[in-house]
Amino acid sequence: MNRYILILDLVDEESSIRQYEAYHELIPKEIDQSIRDSGITSMEIFRYANRLVMEMITDNTFNFEAKAKTDQKNEAVQAWENLMNKFQQRIPGSKPTEKWVLTKRIFSLN
């Protein structure tokens, strides 16, 4: 089991943020299945203002590169990503091709 925390900013406009949240109340079945098929066993997204934080729990088969390749071939995922892109903006300092940015853990209280 692996745990990943990623961040992303939304366009800072209240009606846009509300739309984004509404889309996530019930995601399309094809998107849910794509997530699960990749080895992601749990996914949660949290929001503060226009900043999103995603927690992903994965099994040991999960691989970011493999997921990206599979997603490129999946028309439903591409349609979803194009729709979500309208609401999202890149984290300052991220690469032009990065949407969700993987964070680095700097502290853990065990």
Check against side-chain contact (heavy atoms from CB on, under 4.5 Å), Glu81 and Asn85: CA-CA 6 Å; Glu81 289 298 328; Asn85 200 44; over 6 Å; no

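- Follow the hydrophobic side-chain contacts under 4.5 Å out from Ile7 and you never reach Phe87; the two are in separate clusters.
- Summarising the local packing, CD of Glu75 is surrounded by 12 or fewer heavy atoms from other residues, nucleotides or ligands at distances under 6.0 Å.
- When the shell of 6.0 Å around CZ of Arg51 is examined, it contains more than 12 heavy atoms from other residues, nucleotides or ligands.
- The cluster map of Ile, Leu, Val, Met, Phe, Trp and Tyr, joined by side-chain heavy atoms under 4.5 Å apart, puts Leu8 and Val11 in different clusters.
- To the nearest 0.5 Å, the span separating CD on Glu21 from CD on Gln19 amounts to 11.5 Å.
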side-chain contact (heavy atoms from CB on, under 4.5 Å) evaluation trace for Tyr4 with Leu102: CA-CA 7 Å; Tyr4 302 99; Leu102 187 61; 3.9 Å; yes

Trace of the side-chain contact (heavy atoms from CB on, under 4.5 Å) decision for Asn2 with Ile57: CA-CA 6 Å; Asn2 298 297; Ile57 307 295; over 6 Å; no

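- A donor-acceptor contact shorter than 3.5 Å is absent between the side chain of Glu55 and the backbone of Ile45.
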Trace of the side-chain contact (heavy atoms from CB on, under 4.5 Å) decision for Val53 with Tyr48: CA-CA 8 Å; Val53 177; Tyr48 174 76; over 6 Å; no

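- Between the OG atom of Ser34 and the NZ atom of Lys29 there is a distance of 16.0 Å, given to the nearest 0.5 Å.
- Side chain of Gln89 to backbone of Asp9: no donor-acceptor contact under 3.5 angstrom is found.
- Just one residue in the list Leu6, Ile5, Ile91 forms a side chain to side chain contact (heavy atoms under 4.5 Å, CB included) with Thr103, and that residue is Ile5.
- Counted by atom type alone, Ser15 and Glu13 present one or more donor-acceptor pairs between their side chains at under 3.5 Å.
- Nearest heavy-atom pair across Thr58 and Ile40 is CG2-CG1, 4.0 Å.
- Across every non-hydrogen atom of Thr61 and Gly39, the tightest pair is OG1-CA, 4.0 Å.
- The pair Glu98-Arg90 does not count as a salt bridge, with every side-chain nitrogen at least 4.0 angstrom from each carboxylate oxygen.
- In this structure, His24 and Trp80 have perpendicular ring planes: the angle between them is above 60°, well past the 30° mark.
- To the nearest 0.5 Å, the span separating CE on Met56 from OG1 on Thr41 amounts to 9.5 Å.
- In terms of heavy-atom proximity, Ala76 sits nearest to Asn74 at N-OD1, 2.9 Å.
- Considering CG of Asp32 and CG of Asp37, their distance stands at 9.0 Å, rounded to 0.5 Å.
- For Tyr23, the OH atom is loosely surrounded, since the number of other residues' heavy atoms within 6.0 Å does not exceed 12.
- A side-chain donor-acceptor contact under 3.5 Å links Asn50 to the backbone of Leu10.
- Counting all heavy atoms, side chain and backbone alike, Ser38 lies closest to Phe62 at O-CD1, 3.3 Å.
- Ile17 approaches Ala49 most closely through the heavy-atom pair CD1-O, 4.0 Å.
- When side chains are defined from C-beta on, Met54 does not count as touching Glu44, because their heavy atoms never get closer than 4.5 Å.
- Exactly one of Asn63, Thr70, Asp71 qualifies for a side chain to side chain donor-acceptor pair (under 3.5 Å) with Lys67. That residue is Asp71.
- Side-chain contact annotation: Lys99 with Ser94, donor-acceptor N/O pair under 3.5 Å absent.
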